[in-house]
Every structure is written in C-alpha cells, then in structure tokens.
There are 2 protein chains.
Amino acid sequence: MHRTFSITDCFERAELFNGLAATQCEKIIGHGIKHQLQPQSILFHQGQKGTHCYLVTHGQLKLTKLNKQGKEVIIRYVGAGELTAAAAMLKNGLYPVTATSIHETEVIGWDKPTMIALMRQYPDIAINLIDTVLSRLDDIQRRYLEVCTEQVDQRIARSLLRLMRWAGSRQQDGILIDIPLSRQNIADYSGTTLYTVSRTLSAWEKRGWVKSGREKIVIIDPHALVSFAEQP
Amino acid sequence: MHRTFSITDCFERAELFNGLAATQCEKIIGHGIKHQLQPQSILFHQGQKGTHCYLVTHGQLKLTKLNKQGKEVIIRYVGAGELTAAAAMLKNGLYPVTATSIHETEVIGWDKPTMIALMRQYPDIAINLIDTVLSRLDDIQRRYLEVCTEQVDQRIARSLLRLMRWAGSRQQDGILIDIPLSRQNIADYSGTTLYTVSRTLSAWEKRGWVKSGREKIVIIDPHALVSFAEQP
DNA sequence: CGCTCTATTGATAAACCTCAAATACAGTGG
DNA sequence: CCACTGTATTTGAGGTTTATCAATAGAGCG
C-alpha cells in the first residue's frame with residue numbers, strides 16, 4: 001500500500017541520478033548517510049542552518065513554510081526519487097521550509113563538502129541539481145500565479161490534480177491519491193481553510209467527480225476537474 | 001533621475017560577475033549582444049522558446065505572468081546589474097514570464113551555447129548563475145507564503161517595502177520608489193485590485209505613512225509599514 | 001464503548017472585488 | 001498660458017466570495 005522505492009529503482013528514476021550508471025549511483029549513495037524517519041517526524045526545520053540535501057528513497061516528505069503569525073502553507077510534497085533542500089545546502093543558508101515525514105520514510109543525506117566533491121567527480125550531478133532547482137522554481141511560480149488570480153475552488157481542483165499526478169494510483173473506481181491527505185492538508189496546499197475544502201469536496205462528491213473519506217481522496221472524473229480549473 | 005548603470009559599475013555590482021576581474025567581465029560582455037529597448041517594449045514573451053538570458057545594464061524590466069483567463073501578476077522587477085531568464089535558458093524550455101521594459105533599457109543577451117562555453121572558461125559564472133536562480137526561488141516562496149496567509153493590506157505593505165529596498169531613493173521627505181508605479185502595478189505585484197490599493201494608500205496617506213501621486217510613491221514611515229506588515 | 005481526531009454543515013461576519021461615476025493629473029497643441 | 005484629451009486615481013454602493021465560529025456527526029483505535 002505504501003509507495004516504496006528500491007535502490008535499483010533509485011538508479012533508474014531518481015532525479016539526482018539522470019545520466020549516471022548504476023555503479024556510479026552506488027558510489028554516490030555510499031558517500032551519503034541514511035536516515036530512517038518515523039511517521040510525522042521532522043527531518044529539518046525552517047530556520048535551521050541548511051547544511052545537507054536529501055534524497056528520499058522510501059516514503060514521502062511534506063515541505064511546509066510558516067509565517068510569523070504561525071500560519072502554515074504546504075510548499076510541496078517530496079516523494080521517493082526526489083531531492084530536497086538542494087537550495088539551502090548550495091546557498092549555505094537556512095532551510096526555508098520544514099520537512100516532515102508522512103509515513104515511515106527513508107532518506108539519504110549529503111553535506112555540502114561531500115556534495116561538492118561528488119559534483120567534481122560526477123558533473124552530471126551538478127546538472128541534475130540545477131535542473132531540480134529550476135523545476136521547483138517553475139512549479140512555485142505557477143502556483144503563485146494561481147493563488148493570485150484564481151478562485152478557491154479552482155485552486156483546490158488544481159491542487160488535487162497536481163497531487164493525483166504525483167501520487168495517483170489507479171483503483172477500480174478512480175484514481176486514489178495515495179497519501180494520507182486531510183482537508184487541512186488540502187487547504188494548506190491550496191491557500192484556503194479546511195471548511196472551504198470540505199464544502200467544495202462535498203459539492204464535487206454530489207456531482208460524482210470525487211469520492212472522499214477520512215484523509216483519503218479518490219478522483220473519479222479528472223477531466224471534469226481539469227475543465228473546472230480552467231473555466232473562465 | 002533614471003537609475004543608470006555604467007559598464008564599470010557592472011563589473012563591481014552585477015550578480016553575474018561576482019568574483020571576476022574587470023578584464024574577464026569585459027571579455028564576457030564581448031560575447032553577448034547588446035539590445036536597446038524603448039520604454040514599454042517587450043524583450044521576451046511568456047511561451048516563447050527561452051534561448052537567451054539577459055543582464056540588465058540600464059533601466060528596468062518588469063516580469064509578468066499571465067494565466068489562461070488573461071489575468072496578470074508581476075513576478076518580479078529586474079534592475080540594472082540583475083540577470084533574468086537564466087532558468088529558461090538553462091532548461092531549454094519556454095520563457096515562463098514576459099519581460100517588459102519600464103523606461104529605456106539596455107540589456108546584454110547571451111544564448112545558451114555561448115553561456116555554456118563561458119561557464120567552462122569562467123566557472124564563477126556557473127556559480128553566480130546558480131546563486132541567482134536560488135535567490136529567485138527563495139523570493140517567490142516567501143511571496144507565495146504571504147499571498148496564502150496574509151491580508152491584502154499587509155501584502156501591499158510588504159510589496160512597497162520590497163520595492164523600496166530595491167528601487168528606493170532618499171528624498172528630503174522620505175524614500176521615493178524610483179520607478180513609474182501605478183496602482184495597477186502595485187495590485188499586480190500584491191495579488192489584489194487597483195481599487196483596494198488606492199483605498200489602502202489613501203488610508204496610509206492620512207496616517208502619514210506614505211505620500212503618493214500619479215504613478216509615484218514616497219514612503220515616509222517605513223518602520224510603520226514594517227510593523228503593520230508583521231502584526232498578528 | 002468511550003476517546004480522540006477528522007469532517008460536515010449552518011449561520012454569520014468580514015474581507016475584498018466589481019461596477020459606476022466623478023475627479024485629478026500630465027502632456028499636447030493651439 | 002489655456003483648453004483639451006487620455007489616463008490614472010479616488011470613492012461610494014452593492015454584491016460575492018470566503019473565512020470564522022459553533023455545534024454535530026462520523027471514523028478509527030485501544
């Protein structure tokens with residue numbers, strides 16, 4: 001049921017390893033440090049010194065950002081094969097977000113000196129790293145546009161579609177978003193409140209677009225959501 | 001009155017040239033192509049193939065992003081010494097934004113092959129480029145948090161403070177934001193409407209925090225704006 | 001079965017947008 | 001210098017969206 005990610009998958013699919021051979025990946029992994037995280041534990045905190053970057057090998061992380069008043073948004077979810085904290089590590093700065101594991105999660109961490117040495121030895125790593133950061137930039141710019149210009153229900157639709165593409169798993173009745181996802185989570189990811197999410201999902205359930213339970217969403221009619229998100 | 005930026009300033013202040021000697025900068029500039037832009041002209045369009053990156057040497061650019069319904073946000077302003085479109089160029093993708101000049105503006109453009117060759121010759125360029133992209137990511141993530149969690153007037157305060165830090169020029173009566181800046185611009189930069197901006201500025205003017213005219217803002221009490229932006 | 005956490009729903013209020021109309025301003029040409 | 005024109009801005013009224021609060025229902029777990 002949980003999405004896992006074997007080491008051999010890693011070689012094939014991890015964004016950090018594009019263009020590298022399996023033996024090279026093994027060596028690179030050998031220079032990192034494995035961490036096992038219990039569900040709901042924190043890998044790093046917003047504001048801490050960002051010395052490491054991490055590759056998720058099993059499970060998922062949730063990246064959240066808090067403002068001074070204590071309100072939270074979800075910047076991104078990070079799944080197996082994806083890298084996080086590359087920016088903070090490269091910049092020698094503070095982590096701009098907090099990373100929390102959703103279920104049991106395994107990550108490999110490298111500190112900056114190690115990463116720099118690896119980049120010298122395997123220049124593809126540097127390229128992949130830049131590529132990763134650029135994708136993050138593109139994603140958040142799109143979402144910035146959305147949150148500035150679109151209504152709440154359209155943003156919720158987009159959030160669900162994004163999460164579906166990222167963690168969707170085919171079921172007999174539709175596509176399950178295969179992580180525990182509360183109304184509050186969806187709200188934090190869409191820039192709204194859990195009440196509005198709840199009302200919106202109820203309405204969509206009546207129309208047969210989604211089916212939802214406790215921390216669980218199944219998307220029945222993705223096409224309807226797409227055209228709803230893009231309506232004028 | 002207009003902020004200009006001589007070639008020698010370039011060597012000292014441009015983010016692309018950190019760590020490089022003046023002679024090296026000259027050579028690098030020699031490999032680029034100068035463009036002169038009339039006010040309000042477009043350097044590149046959202047959706048075009050992103051083959052070049054640009055360093056602004058005089059004037060300013062406004063980067064805007066449009067959604068399918070035609071609503072616009074301002075992603076960023078780019079001033080003399082700053083680089084833009086690095087991400088699109090590196091990624092071989094499409095420009096995610098449109099760049100429009102505010103006044104007469106001069107930029108130097110490099111295409112990807114040239115930039116790659118320069119990075120090989122001067123690795124500092126690669127480092128500076130990454131640094132630039134990371135700064136953009138950090139900035140937009142902060143603003144994403146703000147637009148999700150804060151009220152309109154707080155966001156307007158933050159926008160003005162950001163623009164003040166970026167283009168502020170000391171005057172006898174306060175700090176002028178030294179670009180033509182309409183209520184609509186502020187709205188597009190804050191994720192609201194020109195009407196709300198107008199009302200908010202009127203209120204602040206009564207309190208003596210700002211003084212505003214046609215496309216012109218002078219910030220009289222920055223401290224008041226800061227504490228207003230950060231109130232709970 | 002009781003406890004806790006999540007979700008639903010209604011009522012209400014606040015924030016903000018939209019539309020319309022009036023006013024102010026800068027530049028232009030007489 | 002002044003009238004004219006095209007924007008930019010202001011302001012009011014009204015409406016919509018969305019947040020907030022409160023109370024209830026449901027799900028999972030020991």
Side-chain angles (χ1 to χ4, degrees), chain A residues 1 39-40 62 67 69-74 102-103 146-160 177 179-207 210-218 228-229 231-232, chain B residues 1 39-40 62 67 69-73 102-103 146-157 159-160 177 179-207 210-218 228-229 231-232:
Chain A
M1 174 219 164
Q40 312 288 352
K62 184 182 75 176
N67 76 357
Q69 290 99 55
K71 290 185 192 165
E72 181 174 300
V73 299
I74 295 176
I102 298 182
H103 343 87
E146 286 166 18
V147 82
C148 284
T149 60
E150 276 164 25
Q151 315 232 101
V152 166
D153 44 8
Q154 292 182 293
R155 285 169 8 221
I156 294 172
R158 285 191 196 276
S159 296
L160 293 185
I177 296 176
I179 51 169
L181 194 67
S182 68
R183 304 293 182 267
Q184 181 70 62
N185 291 150
I186 299 172
D188 292 344
Y189 192 64
S190 311
T192 178
T193 63
L194 75 146
Y195 308 104
T196 300
V197 171
S198 178
R199 281 179 232 277
T200 305
L201 288 182
S202 297
W204 291 349
E205 196 143 5
K206 277 185 196 122
R207 297 189 208 168
V210 301
K211 245 178 18 181
S212 70
R214 191 188 172 93
E215 304 200 306
K216 169 171 165 265
I217 312 276
V218 180
F228 180 84
Q231 90 197 275
Chain B
M1 174 217 163
Q40 314 287 352
K62 183 181 75 174
N67 76 357
Q69 289 100 54
K71 288 185 192 165
E72 180 175 300
V73 299
I102 298 183
H103 342 88
E146 286 166 17
V147 82
C148 284
T149 59
E150 277 163 24
Q151 316 231 100
V152 166
D153 46 7
Q154 292 181 293
R155 279 160 25 210
I156 294 172
S159 296
L160 292 186
I177 295 176
I179 51 168
L181 194 65
S182 68
R183 304 293 181 267
Q184 181 70 62
N185 291 151
I186 299 172
D188 292 344
Y189 193 63
S190 310
T192 178
T193 62
L194 76 146
Y195 308 105
T196 300
V197 171
S198 177
R199 280 178 234 277
T200 305
L201 288 182
S202 297
W204 291 348
E205 195 143 6
K206 277 186 196 120
R207 297 190 208 168
V210 301
K211 245 177 21 179
S212 70
R214 192 188 173 95
E215 303 200 307
K216 169 171 165 263
I217 313 277
V218 179
F228 180 84
Q231 91 199 275

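First the proteins, then the strands, lettered A, B, ... as listed; each starts at 1. Every heavy atom of this structure was used, including side-chain atoms; hydrogens, water molecules and symmetry mates were not.
Between A:R214 and C:dA7 there is no side-chain N or O to OP1 or OP2 distance below 4.0 Å. Between C:dT18 and B:T193, no contact under 4.0 Å exists linking OP1 or OP2 to a side-chain N or O. For A:T196 and D:dT18, the shortest distance from a side-chain N or O to OP1 or OP2 is not below 4.0 Å.
Using a 4.0 Å heavy-atom cutoff across all strands shown, B:S198 reaches at least one base atom of the nucleic acid.
In this structure, A:L194 atom CG and D:dC21 atom P are separated by 12 Å, rounded to whole Å. Here D:dA8 presents its P atom at 13 Å from CD1 of B:I186, a figure rounded to the nearest Å. Following rounding to the nearest Å, A:E150 (CD) and D:dT18 (P) show an atom-to-atom distance of 11 Å. Atoms CD1 (A:I217) and P (C:dT6) sit 14 Å apart, rounded to a whole Å. One can place OH of B:Y195 at 10 Å from C1' of D:dT9, the figure rounded to the nearest angstrom. The NZ-P distance, from A:K206 to C:dA7, rounds to 17 Å in whole Å. Summarising the geometry, the separation between CG on B:D153 and C1' on C:dC17 is reported as 15 Å, rounded to the nearest angstrom. In this entry the distance linking CD of B:Q69 with P of C:dT18 reads 12 Å, nearest Å.
Among D:dT18, D:dA8, C:dG10, the nucleotide with an atom closest to any side-chain atom of A:V152 is D:dT18. Checking D:dC21, D:dT10, D:dT18 against the side-chain heavy atoms of A:Q151 singles out D:dT18 as nearest.
Residues B:E205 and A:T192 both approach DNA chain D. Their nearest nucleotides, taken by heavy-atom distance, put B:E205 toward the 5′ side. In terms of position along DNA chain C, the nucleotide closest to A:R183 lies nearer the 5' end than the nucleotide closest to the other residue of the pair B:K71 and A:R183.
Between the side chains of A:Q69 and B:T149, not a single donor N or O lies within less than 3.5 Å of an accepting N or O.
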